[in-house]
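Each remark here refers to the structure printed beneath this line.
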Amino acid sequence: MLVLGIESSCDETAAAVVRDGEKLLSNVIASQIRVHSKYGGIVPEIASRKHIEAIVPVILQALDDAAVTLDDIEGIAVTRGPGLVGSLLVGLSAAKAIAYARDLPFVGVNHLEGHVASVFLTEKQPDFPFIALVVSGGHTNVYLVRDFQDFTILGQTRDDAAGEAFDKAAKLLEIGYPGGVVIDRMAKKGDRNWITFPRAMKDSPDFSFSGVKTSLLTVLKKRSRPFTKEEMPHVVASYQEAIVEVLVEKTLAAAEISDLTSVVVCGGVAANSRLREKFLDEGQSRGFEVYIPPMVLCTDNAAMIAVVGENLLRKGRRDPLDLNAVSRWPLDSLFI
Ligand code: KG4
Ligand code: ZN
């Protein structure tokens, strides 16, 4: 089945064409990073407006890149939530309009399930069941995944998401936006053991990242002068290591407890080079098979939405044209 995927839950307007839920024909992503960077974070009103400007050209580009037309498309998959409602509505409305005009089936997809499904677009794919860490700007969740639409949450953050911890630290240190990307790049030249930041909730399956951010703030307040350009890589490398270590340890612990060896790592923060390296190293030495999609499929994209959509459509699911966007949508209650 040839599916057009559409994603607009946050600050990326994306469309993709995927065949049979695994063959990526096109993957177009229009990022709004430059617009939001001067505010140091996403401004929801601006995000919605930018999605409106981008949505039609992005969809047309995705069809063009795949060398197909709407006549070839057999179904539409669109992110329904979770995300910013104003942003979600742009993609959802575009999907409904195409579905109505072309009399095509369409389904609303959970963005978090999309992140997990991004692994099915890669060459090396896990068999169910597996453990999945979804780690992004809004979520840090560990799931037991038995099948599509069959998720059990094993651990989640009690406060900030890991991506949020990166973004807030970069803001505190005034080193740029988006924080995760800037820290990842800068940390490559730094000493990971320069400062020992706290690793919170060691004995729990849940995460907490507000402490590490507060700890950074305390370090900054105690100093008589700001960190120099030479010191900054050490600060961010130490901070990154504290977050990465907790993510790797808790995810592998969840796999151990569940007696599973396949581990999927996905979501925007899975683009982090140290996280990828540590997961692969630890996985190998401790007997886990770790699956991490390429970076372009870790951050928000519509291809992952098309994968889930194809699965739902193939099972006969059809959503009505009055389907609403949802800002919150936990993965273990997939059909609301
Ligand atoms: O999945 P995503 O694109 O959007 C959400 O659904 O949230 O994730 C965005 C998050 C941001 O917090 C961003 O700082 C983080 O992913 N991120 C990274 C990296 N690239 C993006 N964090 C650490 N290292 C990176 N290389
Ligand atoms: Zn995301």
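For reference, positions follow the sequence shown, starting with 1. As the structure lists them, so they are numbered: ligands from 1, and atoms in each ligand from 1.
Here atom 21 (C) of ligand 1 lies nearest to G268 when heavy atoms of S118, A187, G268, A169 are compared. Nearest-residue assignment for atom 25 (C) of ligand 1 (options A161, G179, A162, G180; heavy-atom criterion): G180.
Using bins of under 30°, 30° to 60° and over 60° for the plane-to-plane angle, the ring pair F128/F120 lands in the tilted bin. Aromatic ring pairs are classed by plane angle as parallel below 30°, tilted from 30° to 60° and perpendicular above 60°; the pair Y143 and F151 is perpendicular.
The distance from ligand 1 to the heavy atoms of G137 drops below 4.0 Å at these ligand atoms: 5 (C), 7 (O), 8 (O), 9 (C), 10 (C), 12 (O). The distance from ligand 1 to the heavy atoms of D167 drops below 4.0 Å at these ligand atoms: 11 (C), 12 (O), 13 (C), 14 (O). Ligand 1 places these atoms under 4.0 Å from at least one heavy atom of A271: 20 (N), 26 (N). Those atoms of ligand 1 that come under 4.0 Å of a heavy atom in V269, given as number and element, are 15 (C), 16 (O), 18 (C), 22 (N). Within ligand 1, counting atoms from 1 as listed, the ones closer than 4.0 Å to a heavy atom of G138 are 7 (O). Counting the atoms of ligand 1 from 1 in the order shown, those under 4.0 Å from a heavy atom of G163 are 12 (O). Close approach of ligand 1 to D184 is summarised as follows: ligand atoms under 4.0 Å from at least one heavy atom of the residue are 24 (N), 25 (C), 26 (N).
Contacts with ligand 1 closer than 4.0 Å are made by side-chain heavy atoms of H115 only, the backbone lying farther away. Under 4.0 Å from ligand 1, not a single heavy atom of M295 appears. By the criterion of a heavy-atom distance under 4.0 Å, both the backbone and the side chain of D300 are placed next to ligand 1. Both the backbone and the side chain of N272 come within contact range of ligand 1, each with a heavy atom under 4.0 Å.
We find that E231 and R223 are joined by a salt bridge, their nearest charged nitrogen and carboxylate oxygen being less than 4.0 Å apart. In summary, K213 and D160 engage in a salt bridge, as defined by a charged side-chain N under 4.0 Å from a carboxylate O. One finds no salt bridge joining E123 and K23 here, because no Lys/Arg side-chain nitrogen approaches an Asp/Glu carboxylate oxygen to under 4.0 Å. The pair R314-E310 meets the salt-bridge criterion, since a charged nitrogen lies less than 4.0 angstrom from a carboxylate oxygen.
A cation-pi arrangement is absent between R102 and Y100 under the rule of less than 6.0 angstrom and at most 45 degrees off the ring axis. Relative to the six-membered ring of Y177, K171 misses at least one condition, a distance below 6.0 Å or an angle of at most 45° to the axis.
Under the 4.5 Å side-chain heavy-atom criterion for Ile, Leu, Val, Met, Phe, Trp and Tyr, W194 and V212 are members of the same hydrophobic cluster. Cluster membership check: L154 shares its hydrophobic cluster with V246, using side-chain heavy-atom separations under 4.5 Å among Ile, Leu, Val, Met, Phe, Trp and Tyr.
In summary, C10 places no N/O/S atom under 2.8 Å from the Zn ion (ligand 2), failing the contact criterion. Taking backbone and side-chain atoms together, H139 has no N/O/S atom less than 2.8 Å away from the Zn ion (ligand 2).
Residue D300 approaches the Zn ion (ligand 2) most closely through its N/O/S atom OD1.
Each of C298, P294, C266 was checked for a side-chain contact (heavy atoms from CB on, under 4.5 Å) with S118, and the lone residue meeting it is C266.
When NE2 of H115 and NE2 of H111 are joined through the Zn ion (ligand 2), the resulting angle is 90° to the nearest 10°.
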